[in-house]
Amino acid sequence: MTSAPSSSRRLVKSEPEAYSYEQLVKDRVTSWTGVRNYTARNNLRAMQKGDLALFYHSVGPKEIVGIARVSKAAFPDPTVPPEEAKLGWLAVELGPHIAFEDPVSLAVIKADPRLADMLLVKQSRLSVTPVTEAEWDVVLSLAGG
DNA sequence: GCCAACGTTGGC
DNA sequence: GCCAACGTTGGC
C-alpha cells in the first residue's frame with residue numbers, strides 16, 4: 001500500500017451564520033449538504049469515515065476554528081430535488097472533533113510562507129479542499145498544538 | 001458595498 | 001466547441 005496518507009486530511013468551509021462549528025458541537029452530528037460544485041463534490045467523495053477536516057468560518061471571522069471528523073462517508077445529498085439526482089451531488093456526515101483554543105486566522109495563514117500553497121488561499125471559492133500533511137501540521141501548531 | 005475569481009449557461 | 005453573459009462566493 002503506497003497511497004498518500006495526506007489524502008485523508010481536508011478543509012471544509014462554512015459561513016458561521018449558515019452553520020457554525022458551535023452548532024456542530026451542539027448537534028453532535030450533521031449532514032454536510034448543499035455542495036453544488038463538481039470539484040468540491042469530488043473532494044467530498046474521497047472522504048472516509050474517521051477522516052479529519054479543518055473547519056473554516058468564512059466571510060465574517062475568516063479563521064479555522066477547529067477540526068471536524070467524518071462520521072459517515074459520502075452518500076447522495078438528500079437536499080437535492082429528484083429531477084437533479086442524476087447530477088450526483090453528495091453529502092457526508094460530520095461531527096465535532098476538536099475546537100481550537102486559538103483559531104487560526106486567514107491573515108496568519110496568508111502571512112505564513114509554509115501555507116502559501118493552501119487551496120484555501122489559492123482557490124478561495126472552493127468549499128471542500130484537500131490539505132497536505134505538512135499544511136495540517138503547521139495549522140495545528142499555529143492553533144497552539 | 002465593491003469587485004475579482006471562477007464556475008455555469010446558452011446562443012451561435 | 002467557443003465564448004459572452006451571468007450568477008455566486010468570499011475577501012477586502
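Just so it is clear, the values below take in all heavy atoms, side chains as well, and ignore hydrogens, waters and symmetry mates. Numbered from 1 within each chain, the chains take letters A, B, ... in sequence-line order.
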Worksheet item: Rounded to the Å, how far apart are Y56(A) OH and dG10(C) P?
Response: 9 Å
Worksheet item: Between Q123(A) and dG10(C), is there a side-chain N or O to OP1/OP2 distance below 4.0 Å?
Response: no
Worksheet item: Between dG10(C) and K13(A), is there an OP1 or OP2 to side-chain N/O distance shorter than 4.0 Å?
Response: yes
Discussion item. Assess whether a salt bridge exists between D77(A) and R36(A), defined as any Lys/Arg side-chain N lying under 4.0 Å from an Asp/Glu carboxylate O.
Written reply: yes
Discussion item. What is the separation between atom NZ on K122(A) and atom C1' on dG10(C), rounded to the nearest whole Å?
Written reply: 18 Å
Item to complete: For L126(A) and dG11(C), give me the distance from atom CG to atom P, rounded to whole Å.
Response: 13 Å
Practice prompt. Can you tell me the distance, in whole Å, between the CG atom of L119(A) and the C1' atom of dG7(B)?
Written response: 16 Å
Practice prompt. Mind listing the closest non-hydrogen atom pair of W32(A) and S14(A) along with its distance?
Written response: CH2-CB, 3.7 Å
Fill in: Atom-pair distance (CD1 on I109(A); P on dG11(C)), nearest Å
10 Å
Item to complete: May I ask you to evaluate whether Y38(A) reaches the phosphate of dC6(B), defined as a side-chain N or O under 4.0 Å from OP1 or OP2?
Response: no
Item to complete: Calculate the interatomic distance between M118(A) atom CE and dG10(C) atom P; express it in whole Å.
Response: 14 Å
Fill in: Distance below 4.0 Å between K110(A) side-chain N/O and dC12(C) OP1 or OP2
yes
Response to the item:
salt bridge (charged side-chain N to carboxylate O under 4.0 Å, His left out) pairs touching residues 113-131 of chain A, sequence neighbours excluded, are D112(A)-R114(A), D117(A)-K122(A)
Worksheet, complete the sentence: Sorted by chain and residue number, the ring-ring contact (aromatic ring centres under 6.0 Å, His included) partners of Y56(A) (sequence neighbours excluded) come out as none
Fill in: Spacing of L106(A) atom CG relative to dG10(C) atom P, expressed in whole Å
12 Å
Worksheet item: What is the distance from CG of L120(A) to P of dC6(B), rounded to the nearest Å?
Response: 14 Å
